[in-house]
Amino acid sequence: MRSRIAVLASGGGSNLQAILDHFDWLGNRRGGDVVLVASDRTNAGALERAARREIEAAVLPTDKRPDGASLEQLLSEREIDLVVLAGYLRLVPPEIVKKFEGRIVNIHPALLPAFGGPGMYGSRVHHAVLEAGVRVTGVTAHFVDRVYDRGRIIAQWPVPVFASDDAGTLASRVLRVEHLVYPRVVDGVASGRTTLETCATANTDAVVDSRPSFTLLPHEDSRLAENIELTLGC
Ligand code: GRF
């Protein structure tokens, strides 16, 4: 039985798209189906991407716009097994986080716990990375718990910071890696290969690209995807 997945997104939804594309590529080997996309923003690109695929797209109520089914209602009525946060900018209510323990994941565009926490989202993360002068940033996929950006880490992947970078160039390099890592992580959790328990201890094989001259040249995506699959055991 495949997991029924809800993706929550506030923005363009490129991670949602990467998940859908990866699931297409996996075909019957995929661990889940995205059956719901929900957003707090009426104009989120993610909603359009869902509609294009004939996936149910829901706008969540906010204080200013209180109409519509609540997230809790939607998740329960659509019998959702796994909640995937993909650029979702609101705090998920603690009752939902509790109910979905081990079944709610997020992607963060830096190497947590650095450059995470409240207020650290979008380009702010990349500005902070550049200001700090670190040479390596990356992506972190993690389970969500009650503390913002602090749930158990599932996978991390490094991304180099170049002297010529601004927040835009860095964001797009990081996003490219997000698109390779997150779909594979989501499939792992959806299929039951990855759980809170399997992530209980740091598995040294599962977190790094060990090639020291890692430069992320444009043609390296497929090698990187292979490395990610090897280390995640896809
Ligand atoms: C990504 O950088 C993700 O790490 C962060 O929000 C951004 C979402 O981008 N949480 P998109 O909407 O998936 O294009």
Side-chain angles (χ1 to χ4, degrees), residues 5-24 32 34 36-53 55 57-60 71 82-92 97 104-130 134 136-145 147-161 165-187 189 207 216 221 224 228:
I5 300 174
V7 176
L8 309 190
S10 302
S14 68
N15 275 292
L16 163 68
Q17 191 64 53
I19 292 165
L20 295 173
D21 293 346
H22 186 63
F23 280 5
D24 284 350
V34 178
L36 173 69
V37 173
S39 181
D40 54 315
R41 300 203 175 159
T42 50
N43 60 351
L47 294 174
E48 269 170 46
R49 292 185 198 265
R52 239 178 275 146
R53 299 285 296 244
I55 295 168
V59 178
L60 298 169
L71 178 58
L82 171 62
V83 178
V84 171
L85 308 184
Y88 186 62
L89 296 177
R90 302 217 170 216
L91 200 64
V92 178
V97 171
I104 174 166
V105 294
N106 183 41
I107 182 95
H108 185 77
L111 294 174
L112 291 174
F115 307 108
M120 273 294 180
Y121 59 85
S123 64
R124 293 181 187 201
V125 176
H126 305 295
H127 280 294
V129 163
L130 291 170
V134 296
V136 178
T137 182
V139 312
T140 303
H142 63 97
F143 285 107
V144 173
D145 71 10
V147 189
Y148 217 80
D149 286 340
R150 288 301 277 276
R152 194 163 284 167
I153 289 172
I154 302 170
Q156 292 192 300
W157 213 266
V159 173
V161 181
D165 272 331
D166 58 27
T169 56
L170 186 55
S172 53
R173 190 175 313 115
V174 170
L175 196 59
R176 236 174 92 202
V177 178
E178 289 181 46
H179 293 165
L180 296 171
V181 169
Y182 206 29
R184 290 165 174 84
V185 164
V186 169
D187 185 59
V189 178
V207 290
L216 206 62
D221 279 18
L224 192 53
I228 291 167

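Indexing begins at 1, ligand by ligand and atom by atom, following the structure's order.
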*Using side-chain contact (heavy atoms from CB on, under 4.5 Å) as the criterion, point out the one residue from Val92, Val7, Asn15, Val105 that pairs with Leu85.*
Val92
_Looking only at protein heavy atoms, which one is nearest to atom 9 (O) of ligand 1, and what is the separation?_
Asn15 ND2, 3.9 Å
_Shortest protein contact, atom 10 (N) of ligand 1 (heavy atom only)_ =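 Protein heavy atom at minimum distance: Ile107 O, 3.2 Å.
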*Where is the tightest heavy-atom contact between Gly32 and Asp187, given as atom of each residue plus distance?*
N-OD1, 4.5 Å
*Nearest candidate to atom 12 (O) of ligand 1, where distance is taken over non-hydrogen atoms, out of Ala171, Gly87, Gly13*: Gly13
_If the cut-off is 4.0 Å to any non-hydrogen atom of Glu178, which atoms of ligand 1 fall inside it?_
1 (C), 2 (O), 3 (C), 4 (O)
*asked:* At less than 4.0 angstrom from any non-hydrogen atom of Ser14, what atoms of ligand 1 do you find?
replied: 11 (P), 12 (O), 13 (O), 14 (O)
Using atom types as modelled and distance alone, determine if a side-chain donor or acceptor of [X] lies under 3.5 Å from a backbone N or O of [Y].
X      : Y      : answer
Arg173 : Pro160 : yes
Arg124 : Gly119 : yes
Asp149 : Gly116 : no

